[in-house]
Amino acid sequence: MPAEMTRDGWISAHPYLHPLADVDALVGRATAGTPVPAVALPAWDAYAADYFAGVPLLHSAKAAIDLTEPQRAVEALIKTLSSSSAAGPIGEQCRALAAELPIDDPSQSPHFGLFRYLLWAVLARSLDPVVRAFDAWRNEERWLHNYCPTCGEPPAMAQLIGTDPGRMRKLSCGCCRTRWQYRRTGCPFCDGEDQQRLTAVTVEGEGGLRIDYCESCSGYLKTYDGEGHEHLMLADWTSLHLDFVARDRGLKRLAASLYDLGG
Ligand SMILES: [Zn+2]
Ligand SMILES: [Zn+2]
């Protein structure tokens, strides 16, 4: 494995990612230090009709996945982070968020972005066994939607896998970390309209990452053309510099993101 494909190697090659890497590591440590509530697997047969109708797993009353416990666990995580010695804006924001507990309506919080990021840090861990079982159960050809089959969010990124004739594209969820199959070409943001092809911008020395954009809607999707380093290359924050490259070209981030690019 080339050195630049490890987390440390990648960050030292992209030093401006240090602040994000620190936040990711801090939240990762705090999440690992709090209990992960288990989420029971759904009865797949009961959910099947909803799946064929395009209803994401977490939105299905038939699947009835109970997220009460992980949602409660995010409050424990906020408390852990606020009592840690975390400095800088993240520490301050965690302490401000902790002062709001219990939070009845997170969308009204001035720190909703941070809340959502922390919520998904907990949910992604709790849902990991569900996401794996769902991967094994579902028939990808029966989905092919432009939103996540697990949580319903738009994709954060995409991945190109394999070689022709079996080459395919997967979309990647930045929230629950599901990856699902989508049309090989075509813009996921103009979904259902004409089959707009995407134009690829490759960036030298970026480990197979490129920017695929649509001339019709100006939306772009960061795409990892490779396999084996999904954890690093599809993490979204590890390629935030490509969002700035895209923005400088006048492209719009229509993909979902847990990271605010700021002004
Ligand atoms: Zn998802
Ligand atoms: Zn488009």
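FYI, side chains are in, hydrogens and waters are out, and symmetry mates aren't considered; it's all heavy atoms of this structure. Counting starts at 1 for both ligands and their atoms, following the listed order.
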Check: Trp137 ring centre within less than 6.0 Å of Tyr51 ring centre: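 Here the rings of Tyr51 and Trp137 have centres that are less than 6.0 Å from each other.
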Sidechain N-carboxylate O distance under 4.0 Å for Arg116, Glu153: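 Salt bridge flag = yes for Glu153 with Arg116.
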Angle at the Zn ion (ligand 2) (to 10°), with one arm to SG of Cys214 and the other to SG of Cys217: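 Angle SG(Cys217)-the Zn ion (ligand 2)-SG(Cys214): 110°, rounded to 10°.
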Side-chain donor-acceptor pair present, His14, Glu206, cut-off under 3.5 Å: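 Short answer, yes.
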Under 3.5 Å side-chain donor-acceptor pair for Ser239 and Lys222: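 Yes, a side-chain donor-acceptor pair sits under 3.5 Å.
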Protein N, O or S atoms lying under 2.8 Å from the Zn ion (ligand 1), listed by chain and number: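 Protein N/O/S atoms under 2.8 Å of the Zn ion (ligand 1): Cys148 SG, Cys151 SG, Cys173 SG, Cys176 SG.
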Pair Arg169-Gln159, side-chain hydrogen bond (donor to acceptor under 3.5 Å, both in side chains): steps then yes or no: CA-CA 6 Å; Arg169 178 164 59 159; Gln159 180 183 22; over 6 Å; no
Closest contact, heavy atoms only, Cys151 versus His59: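 For Cys151 versus His59, the nearest heavy atoms are O-NE2, 3.0 Å.
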